Each structure stands twice: as C-alpha cells, then as structure tokens.
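Notes for the one structure printed next.
Just so it is clear, the values below take in all heavy atoms, side chains as well, and ignore hydrogens, waters and symmetry mates. Quantities reported herein were computed from a predicted structural model and do not represent experimental measurements. Here is how names work: the chains are called A, B, and so on, in the same order as the sequence lines, proteins then strands, and each is numbered from 1.
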There are 2 protein chains.
Amino acid sequence: MTYALALQCLGDPMRRRLFEKLRAGSASVGVLAKGLPVSRPAVSQHLKALKRAGLVKDRPEGTRRVYFIDPEGLGPLRVWLDQFWDRALESFKQEVGKTAGRGPRRTP
Amino acid sequence: MTYALALQCLGDPMRRRLFEKLRAGSASVGVLAKGLPVSRPAVSQHLKALKRAGLVKDRPEGTRRVYFIDPEGLGPLRVWLDQFWDRALESFKQEVGKTAGRGPRRTP
DNA sequence: ACTTACCGTAAGTCATGACTTACGCACTGG
DNA sequence: CCAGTGCGTAAGTCATGACTTACGGTAAGT
C-alpha cells in the first residue's frame, strides 16, 4: 500500500526535481534549495513528504541535515508496476485486434 | 519526458483506482463509473488525462467507448525508475555507513 | 423519423496543497 | 558564553485541479 504514497509524492514536479537531484548523491537542505526556484522551507516540506513515503533518508551532519535516496523506497513502486506489465500486456493483445474491427456501424 | 505525465496522472488516487480497474480488462465509461464514488463525467475527465499520458487507449463500440490499458505507456516510467535503482543504489551503500558515524557532537 | 442510451465538453464551485514569511531550536566556532 | 549558521514548524495566502450540473452530439432500436 505504500506505493500509493510514493506515487503521490513523485507526482509533484518540484518533488521530482528534488528527488532527481538526490540521484547524483547526498546533499544538505540548503544546497538542494539553491538550484531550485523555491524557498528553503518549501524544500524542507517536500523532503518531509519524501521521507514519509520512504523514498529518502536523512542523517545529521553537524548543524545541517544531509538527505539521500533510499532505494528500498522504490521497491513497492516497482512491484506495483510489474503487476501491470504482466497482467495488462496479455489483455492488451486481445484488444488491439478489435480496435479496427467493431467500430460504429459502417455507413458507406 | 513523458514519464512526468504518467507520474502526475497516477499520483491521483481516483485515477489510480480507475487504472487498476482497467487492469482486469477493458471496460466502458459507464461501467467504470459504477463502482466509483464519483460522477460519470468525472470519470470521463480522468480517462482523458490517462489517455493524454499514453497510459490508456480507447475504442468505439457502438454507442459506448471502451477503454483499456496501453502497456507501452508504462515503459518510460519503468526506464525512469531503473535509472534510480542503478545509480542510487551504489550511492546508498556509501551513505549507510556514515549514518551513525558523524552525527552531532557527542556530549557525554 | 423519434426516442433512448452513452458519452464528451463547458462552466462554475470548492477543497486541497504548494508556497510564502516569521519564529524558535540545535549545533559550531570564536 | 555569545554570535552565527542551518534547519524544521506554524500560520496564512493563493492557485491548481477535482468535482458537480447542464448541455449537445452520435449511434442504435423501433
């Protein structure tokens, strides 16, 4: 059920940019805030959401907090996605044939 | 770049429920609307968004429109996700060790 | 041709949530 | 011990978007 939070989090463009920044490696809040067109508190709030979704972890480092991606957080999302690939792909094959078959009544 | 639309779409709970319903197979708008706590036009609008994101396709069938999942729509999302698994996983291993290492000054 | 079923779009309402500024707390260095 | 730095939270504002009802358009049955 935790994939829901992950999706809802990554659905936001700003949070996605934040998450993608962290892909390059760990970074503090201040560093992340620079390079983004929003205030530092906004970044804090986004990081809080990402943390709640299990997508990132943080570690205190002196007076600052360093955030980094938790790969395990993407696990449930990956599993959820695979459920569609398997199940939906076979259904899809049955559909594509029909797409030009039974349309509205042909009126020549 | 299309993974952005997919994420933004699936970020919405109602759209997710809709998408998961379609996993069981194709269905018309009216059928989908029943079983969801929203009006039929709302479902139409959600389906429009899903279609724009390339996640579903539709086919006319008489007076109704049948929607079904397009597995290819999930492709970009999958690719995007993998980029994190590969890249972030190695970064993560370097981080976990530090998590208890350099904290705030120990004050015994 | 007329009615009925099914759907998409338009227009308007309302709540969610993304942002801001202001504040208080924890840690570090002089 | 006293600034200064870095951060999280609170409170308030404002736009986005998710929903509604109303309408028009297409296809099928009689």
Residue set satisfying side-chain contact (heavy atoms from CB on, under 4.5 Å) with B:Ala49, at least two apart, ordered chain then number -> B:Cys9, B:Arg15

- prompt: Hey, is the main chain of A:Leu10 close enough, under 3.5 Å, to the side chain of A:Arg16 for a donor-acceptor pair?
  reply: yes

Between B:Pro71 and B:Ile69, the two heavy atoms sitting closest are CD-O, 3.4 Å

Considering only heavy side-chain atoms of B:Gln8, the closest of D:dG17, C:dT9, D:dC7 is D:dG17

> Are any of the side-chain nitrogens in B:Asp82 or A:Arg78 under 4.0 Å away from the carboxylate oxygens of its partner?
Replying inline: yes

Rounded to whole Å, NZ of B:Lys51 lies from C1' of C:dG8 at a distance of 11 Å

Can you find a side chain N or O atom of A:Tyr67 that sits less than 4.0 Å from OP1 or OP2 on D:dG6?
no

To the nearest angstrom, the CG-C1' distance between B:Leu32 and C:dC6 comes to 13 Å

Ranking A:His46 and B:Gln45 by the position along DNA chain C of their nearest nucleotide, the one closer to 5' is B:Gln45

Just N and O in the side chain of A:Ser28: are any of them under 4.0 Å from OP1 or OP2 of D:dC7? yes

From CZ of A:Arg52 across to C1' of C:dA18 the rounded distance in Å is 15 Å

Rounded to whole Å, the CZ-P distance (B:Arg64 to C:dA5) equals 11 Å

Of the listed D:dG6, D:dT20, C:dT20, the closest approach to the B:Ala42 side chain comes from D:dT20

In whole angstroms, the gap separating C1' of C:dC6 from CD of B:Glu61 amounts to 13 Å

Taking D:dT9, C:dG8, C:dA18 as options, the one with an atom nearest any side-chain atom of A:Arg15 is C:dA18

Taking every heavy atom of B:Leu55 against every heavy atom of B:Phe19, the minimum-distance pair comes out as O-CE1, 3.7 Å

Out of C:dC6, D:dC7, C:dG8, minimum distance to the side chain of A:Arg40 belongs to D:dC7

Rounded to whole Å, the CG-C1' distance (B:Asp12 to C:dG17) equals 13 Å

In whole angstroms, the gap separating P of C:dC25 from CZ of A:Arg65 amounts to 17 Å

Whole-Å distance, B:Arg59 CZ to C:dG8 P, equals 14 Å

Of A:Thr63 and A:Met14, the one whose nearest nucleotide on DNA chain C sits closer to the 5' end is A:Met14

Winner on side-chain proximity to A:Ser44, out of D:dT21, C:dC7, D:dG8, is D:dG8

